[in-house]
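These notes concern the structure reproduced below.
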Amino acid sequence: MAGAASALFLLDIKGRVLVWRDYRGDVSAVQAERFFTKLIEKEADPETQDPVVYDNGVTYMFIQHNNVYLMTASRQNCNAASLLLFLHRVVDVFKHYFEELEEESLRDNFVIVYELLDEMMDFGYPQYTEAKILSEFIKADAYRMEVSQRPPMAVTNAVSWRSEGIHYKKNEVFLDVVESVNMLVNSNGQIIRSDVVGALKMRTYLSGMPECKLGLNDRVLLEAQGRTTKGKAIDLDDIKFHQCVRLARFENDRTISFIPPDGSFDLMTYRLSTQVKPLIWVEAQVERHSRSRIEFMVKARSQFKERSTATNVEIELPVPSDSTNPNIRTSMGSASYAPENDALIWKVKSFPGGKEYMLRAEFRLPSITSEESAPERKAPIRVKFEIPYFTVSGIQVRYLKIIEKSGYQTLPWVRYITMAGEYELRLI
């Protein structure tokens, strides 16, 4: 990482310093006052409130969590994204120790806070940010201990995310391939934006220091091995790995090789920017009968294969804010009026592929309206759903191998699921 943080400050909501740790000796506590002055100046215009502020040779990077500002100051040309990510990891660690990060929890745990800041950053460079590893040798009741703790092996060896000596009676690996579909459709039925964001989420309960190898139907890998890729391979964009993955090995032969952390973690995230066909298509017709009545006719159609079934489908249809006396009929599922959201919520528990369902709704409107009333806002139709055993991208786990020197047997479980992300249709 180019450049390093000079100091880390924890400030209250009024800009007063709660805790600060000087790492390089080239800034002072006065920098916190200058930072907060700059922050107040920008509060008048929320659009210019960036997480990075530059003033008089010092770069300030900050995030806010509850009533606490976490801020780093640096005189070097540092990697801002890396330090902002570090601040988010600091929040995660503090929440692991204190349940919630607030001004009160910091004041009650000054000693632990300084110990953590000493271990998490050294001379301005991030070090250990895994809460599980830190909690093995920095304990909330450390002052009660009579025997000094040896640092865990994870701090002294190359695998900082996993401790040695882990043992399970039953060795299991659970891998969930989760894809979120983001889609925006305009009033003409044209797709304005569509992409798929995926994640490989793992839960590992493995003894020892296992070596895992994961194979996907990655087009680059299959072509390098001379295998046919007709209709079975995919191109992954914007891949981001957990720190446990050996990047050099992946760059060399596209093999995902790693020693996993214990418990739950995201092994990999990716994005596909290809055009995606809407999985659930919604058509809505609105009829206004004078000013006293409005009628909706909605068709929802599943556009995936019949062997798949969407579950927990929820369609949120915007209605006028002054609607009353709803009369709703559906061919499947149940629908209810949610006046607090100015919406009609249609829920279908099970929606098989290739099916079409209908909803009709009628609302009464007040007979008297103001001539100077504001124009009615046009909110989009929002859709939520989950489709198990299905992926939009076609990603497949070809193999998941676990190798450990003791040679124990492992049970790997792989599951696929697709769900709606920001799925909006501006059809009304």
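Each residue takes its place number in the sequence, starting with 1.
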What are the two closest heavy atoms between S207 and Y408, and how far apart are they? O-OH, 2.8 Å
Ring centre gap for F35 and F9 strictly below 6.0 Å: no
Please output the side-chain donor-acceptor pairs of residues 52-61 that fall under 3.5 Å, not counting sequence neighbours, one pair per line with the distance.
residue: Y54; atom: OH; partner: G57; partner atom: N; Å: 3.4
residue: Y60; atom: OH; partner: Q31; partner atom: NE2; Å: 3.0

Sort out for me which residue in E115, H96, E119 forms a side chain to side chain contact (heavy atoms under 4.5 Å, CB included) with L134. E119
Closest contact, heavy atoms only, V392 versus E179: N-OE1, 2.9 Å
Which atom names give the shortest non-hydrogen contact between S74 and A4, and what distance separates them? OG-O, 2.7 Å
Row check, F258 ring normal vs R246 NZ/CZ: under 6.0 Å, within 45°: no
For I239 and M268, which heavy atoms make the closest approach, and how far apart are they? CG2-CG, 4.1 Å
Fit a plane to each ring of F250 and F241, take the angle between them on a 0 to 90° scale, and name the class: parallel (under 30°), tilted (30 to 60°) or perpendicular (over 60°). perpendicular
Side chain to side chain donor-acceptor pair (under 3.5 Å) partners of residues 414-423, not counting sequence neighbours, each pair once: D176-R415, R193-E422
Of the non-hydrogen atoms in A199 and T269, which two are nearest, and what is the gap between them? CB-CG2, 4.0 Å
The criterion is salt bridge (Lys or Arg N to Asp or Glu O under 4.0 Å); which residues satisfy it with D12, sequence neighbours excluded? R16
How are the rings of F174 and W413 set to each other: parallel, tilted or perpendicular (split at 30° and 60°)? parallel
How would you list all residue pairs meeting salt bridge (Lys or Arg N to Asp or Glu O under 4.0 Å) that involve residues 80-89, not counting sequence neighbours? R89-E130
Taking the side chain as C-beta and beyond, is there a heavy-atom pair between M120 and Y128 under 4.5 Å? no
Taking D22 for the side chain and G25 for the main chain, is one N or O donor matched with an acceptor at less than 3.5 Å? yes
Check residues 306-316 and write down every donor-acceptor pair under 3.5 Å in which the side-chain atom is one partner and the other belongs to a residue at least two apart or another chain.
residue: T311; atom: OG1; partner: E386; partner atom: O; Å: 3.3

Ignoring hydrogens and geometry, is there a side-chain-to-backbone donor-acceptor pair from S393 to I395 under 3.5 Å? yes
Residues that E356 engages under salt bridge (Lys or Arg N to Asp or Glu O under 4.0 Å), provided they are two or more places apart: R301
Do W161 side-chain atoms and I259 backbone N/O form a donor-acceptor pair below 3.5 Å? yes
Which pair of heavy atoms, one from P352 and one from F304, lies closest together, and at what distance? C-CE1, 4.0 Å
